[in-house]
2 protein chains.
Amino acid sequence: MRWSQLYAPTLRQDPADAEAASHRLLVRAGFVRQLMAGHYSLLPLAVRVRAKVIQVIREEMTRIGAQEFILPAMHPADLWRRTGRWDAMGEEMFRLTDRRGTDLALGMTHEEVIASVAAELGSYRRLPQLWYQFQTKFRDEPRPRSGLIRVREFTMKDSYSLDVDEAGLDRSFALHDEAYRRIFARLGVPAIGVEASSGNMGGSDSVEFMCPSEAGEDLVVRCPSGDYAANVEKAASRLDPVADGPGPPVPERFDTPHARTIEELTRLHDVPAERQVKTLVYVLDDRLALVLMRGDHALVEQKLADATGAVAIRPAHQEEIVAALKAAPGSLGAVTAALPPDHGMTILADEALRGRRDMTTGANVDGVHVRGVDIARDVAVDHWADLREVRAGEPCPRCGAPLEVVDAIEVGHIFKLGYRYTEAMGVRVLGPDGAEITPIMGSYGIGVERAIAAIVEANHDDAGIVWPVGVAPFDVAVVLLNPGDAEVAAVAERVHTALGAAGVDVVLDDRDERPGAKFKDVELIGIPYRVTVGRRGVDAGTVEITARASGETVVVPVDEAAPRLVGLLTA
Amino acid sequence: MRWSQLYAPTLRQDPADAEAASHRLLVRAGFVRQLMAGHYSLLPLAVRVRAKVIQVIREEMTRIGAQEFILPAMHPADLWRRTGRWDAMGEEMFRLTDRRGTDLALGMTHEEVIASVAAELGSYRRLPQLWYQFQTKFRDEPRPRSGLIRVREFTMKDSYSLDVDEAGLDRSFALHDEAYRRIFARLGVPAIGVEASSGNMGGSDSVEFMCPSEAGEDLVVRCPSGDYAANVEKAASRLDPVADGPGPPVPERFDTPHARTIEELTRLHDVPAERQVKTLVYVLDDRLALVLMRGDHALVEQKLADATGAVAIRPAHQEEIVAALKAAPGSLGAVTAALPPDHGMTILADEALRGRRDMTTGANVDGVHVRGVDIARDVAVDHWADLREVRAGEPCPRCGAPLEVVDAIEVGHIFKLGYRYTEAMGVRVLGPDGAEITPIMGSYGIGVERAIAAIVEANHDDAGIVWPVGVAPFDVAVVLLNPGDAEVAAVAERVHTALGAAGVDVVLDDRDERPGAKFKDVELIGIPYRVTVGRRGVDAGTVEITARASGETVVVPVDEAAPRLVGLLTA
């Protein structure tokens, strides 16, 4: 390929609106252009990278015996209604109607469609099946941002396993886990598998693959010893026990006219935050609930969703709170005596409050709190759960070492789904004994364009992108310094041809530009190796090979350039 | 690949709802399954074929210097409003709104998006550009049918050319014309290029690539001599001139109480159809118009659209007609004296009526007609145009030979668009003399899944599909007759391995099925060559090679099977 024929519109300046390195570099180096928020056009360089990333994933899917499908992107609403996700997906699902008024969805994921295809399987002898596709997914993200990291339209490799039983699902899940580790290693993405919430997918276990990055929108809690890693939505820690005194025999009210927050109660009334009970009011699928946290702990809403199975979760509005508790935020509490007798709200409490005594909380009277609260005695907790956000420095639940919390990009997610979808869609096969059984499902996803962004986040420097060999848009750029010099041009052509013949993905920079501009473009775009062909070298029968990652240059005889590069690329 | 690991659910019976051969065979042979009308899941066999078809197209696009993009499938409405197509696309465009209420379209085609990307080009030195993509297109077809032939969601290879001037566009158009001819030849689709209407794409010329087939929804008019072919929407013929007498000096009314149709007027009043004027009332973009045709000719609505530029076209309703003409269909006419003086309707007439005299038409009084009409004298025609449907047997416009009319599938369409999109989107580049110029555009499309259907339509027999080599899901099936016989199995494995090592796409049928069932599946699926490995052959050191297309079988020594097949496949 000749650079003069390549549409690679590099920019001299960083785009003004880009914060994430991958966003900035992919725009500046001419890989992508935004059509509207969350929707990007992939230009030829990005198409080349995407094809190589897809090929890596395809090879690893083939290796575990998966078969490629392509399922429709547009689905009938009825299919989603059968699993209850037509409602559960909320605003994140793009919906439309056709000319006949039929309700349709744009696929965010394909469990329902896969289950409908699987309805034809018929016999356990056709199991297990591992089915995957590369297909455009549409998600109406509330805040598309960071270039390719969070978009509304993207290519997903999604795969699905169908097995006879749980042991089979465990095998299919383990195969994917291994395949994903190989894929991210080959892509140059330093992803780690972490325990994760299954969110609205349901099922028992799930593992996310997380690439630590400042541009990430997720938080990963991990132990430096490597024995524990989890999404903060799921993470636990081993909290130090708190030794409470017995406290007074009954709770005591006291006036707190100027203390409306945990901090004010600490400052004005000398109550440490860890001796306070924070009372939050939430709306879980249209029903009010009280959520109790230790004063110094933060709630993780996903844990609340996972603990309750609620689909739509939001903090209650001020008016809803006042109507239910006759008090405004600032003095709320869940002590039985302070609640309206017919309040009807579920009371959920974080595990860190279990057994605590002599605690302080609001009295449901503005400007009044209660101290000496014994949770077991004074609060009618309906449901205990881990709802707390783990913070850096807390002890690892496995080994007790201080945990780290890092920003990360979710690049993959694998789920043990169980029977939810096959049951809802009525998928039944004949079992070995002639009785019908319901296959068990798993689902597994990698966002292709997000993986590309993660590669860039993990592989760049001040001069631009540093693509790993194998996913770079070109592996080698032959830079011809003097396009007007026929002899030099002929040498560059010879090297270019030799590399092409050796199966190397190579571009010949034949543009009539200054050498400095050409070098900058090669660095910005991130081509792993540059071969520089100039007058002086040709006089000496040599060319230069420069590695993008290290910046090191070696001078080699012209006809050794190609074999040397083949060696470097396959090292 | 082993057949036992392949999900290829062949059916014993034809599906009940399939008329087109491609529909019937692609379902029965386990390539596709319908999710809902117009939306198909591609199963592994179809994914393999699709990948090969895409690769053929990609190679030919690369050969003409085109570069691959991937553009968003979802577009902001504003983009389509700028070219006027937000309205013009009507019900065929899927529309939706996002969570913020922004109007969005699902891309039916990408001229607007391409022009927005091209706005960055900057200089004529970056022209020409040939840009293409493989992307999912969505079209809300009124009648999705015939399996993959007419669907609502499909992969399109769409390409776009941007040139400095018309001569450049002519070159880009010619390059695509050649590329398309090579593509369809390689795919085994006997497509012919025909003159076509440009429809709502606009522009000057367009050529459709048509594959003659009973399953086709288009009609192609062609001369057996090969010098003329056109879509019936565009086709012309050389009509024999009609010699009219002078007729009476003024039109004469006569009573026709029982003649409401062309045929009744002929039968009851002895007026030949070719001496009648048929008066049709149409609504063109909300305005009524009279459309005059010779009595024995049929109107082509697309020609009416092309002649008037109207976007929305429909026959007027009975009430609209009566309100405008004070008469009901059966006695309508456009003679000036019979029209309300302030009727305000445009009168369009087909060219075949030009100069005709002594004609008969309705009097706009129920049960009354007029004869002796001299079109030039008595009818105030506003606009003459070719509106007539060419019929089989009419003379070729080039050579006069009798024309044929055949059903055909449109598999490709190439357009000279002109400046419509670049002007509307404000695409300007600096020209050679420093003044800004507007690039000129072309657009070119192939429907990938429809091309697959066309391959099947053109390549099947009673036993199933007969894929051409190169697009078949597998080129060779090694059928192991006795899976339980270790020695026979080892020979089959050896042949399978040798073929794989030679780069042949091969599947080993290792299933525990009867030989007859295996042979039937290979034939139904349409694998070009079958290698049969059985006990008797192994005893003699031979295997059988059977060609799917001819049914011919040759017996060869085991180790000659692979080289022989490589020879057959590359012949």
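Since this is a predicted model, take the numbers as computed values, not measurements. Atom set for the values below is all heavy atoms of this structure, side chains included, hydrogens, waters and symmetry mates excluded.
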Q. Do B:Arg100 side-chain atoms and A:Pro142 backbone N/O form a donor-acceptor pair below 3.5 Å?
A.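 Checking the backbone N and O of A:Pro142 against the side chain of B:Arg100, a donor-acceptor pair under 3.5 Å is found.
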Q. Has the side chain of B:Gln5 got a donor or acceptor atom that lies under 3.5 Å from a matching backbone atom of A:Gly65?
A.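 The answer is no, because no donor-acceptor pair under 3.5 Å joins these two groups.
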**Q.** Heavy-atom pair count under 4.5 Å with chain B, highest-scoring of A:Ser116, A:Gly38, A:Ala51, A:Ala73
**A.**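 Highest number of heavy-atom pairs under 4.5 Å: A:Ala73.
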Q: Just give me the residue among A:Arg95, A:His39, A:Glu92 that pairs up with chain B most often, heavy atom to heavy atom, under 4.5 Å.
A: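 Maximum pair count with chain B is reached by A:His39.
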Under 4.5 Å from any heavy atom of chain B - which part of [X]:
X: A:Glu68; value: both
X: A:Arg125; value: neither
X: A:Gln135; value: side chain
X: A:Glu141; value: backbone
X: A:Tyr40; value: backbone
X: A:Leu45; value: neither
X: A:Met36; value: side chain
X: A:Phe154; value: neither
X: A:Leu11; value: side chain
X: A:Arg99; value: both

Q. To the nearest 0.5 Å, what is the distance between CD (B:Glu120) and CG (A:Leu43)?
A.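 One gets 7.5 Å once the value is rounded to the nearest 0.5 Å.
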Q | CZ on A:Phe138 to CG on B:Asp98, rounded to 0.5 Å | A |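 Here the rounded value is 13.5 Å.
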Q.
Taking every non-hydrogen pair under 4.5 Å, which of B:His75, B:Gln133, B:Arg48 racks up the most with chain A?
A.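 Of the options given, most contacts go to B:His75.
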Q: Just give me the residue among B:Asp140, B:Asp78, B:Thr102, B:Leu96 that pairs up with chain A most often, heavy atom to heavy atom, under 4.5 Å.
A: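 The residue among B:Asp140, B:Asp78, B:Thr102, B:Leu96 with the greatest pair count is B:Asp140.
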Q. Under 4.5 Å between any side-chain heavy atoms of B:Leu42 and A:Phe69, yes or no?
A.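 Side chain of B:Leu42 against side chain of A:Phe69, heavy atoms only: no contact under 4.5 Å found.
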Q. Are side-chain heavy atoms of A:Ile70 and B:Ser41 found at a separation under 4.5 Å?
A.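 No, side chains not in contact.
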(Q) Counting only heavy atoms from other residues, nucleotides and ligands, does the tally under 6.0 Å from CZ of B:Arg314 exceed 12? (A)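 For B:Arg314, atom CZ is crowded (more than 12 foreign heavy atoms under 6.0 Å).
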Q.
Quick check: closest heavy atoms across A:Leu35 and B:Met74, and the distance to 0.1 Å?
A.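 Looking at all heavy atoms of both residues, the shortest contact is CD2-O, 3.9 Å.
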Structural part of [X] lying under 4.5 Å from a heavy atom of chain A:
X: B:Arg126; value: side chain
X: B:Glu91; value: both
X: B:Leu130; value: neither

Q. So A:Tyr7 and B:Trp131, would you call those rings parallel, tilted or perpendicular, with 30° and 60° as cut-offs?
A.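 Rings of A:Tyr7 and B:Trp131: tilted, 30 to 60°.
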Q: Take B:Gln67 and A:Met1 through the test side chain to side chain contact (heavy atoms under 4.5 Å, CB included) and record every step on the way to the result.
A: CA-CA 11 Å; B:Gln67 297 190 68; A:Met1 171 114 216; 4.3 Å; yes
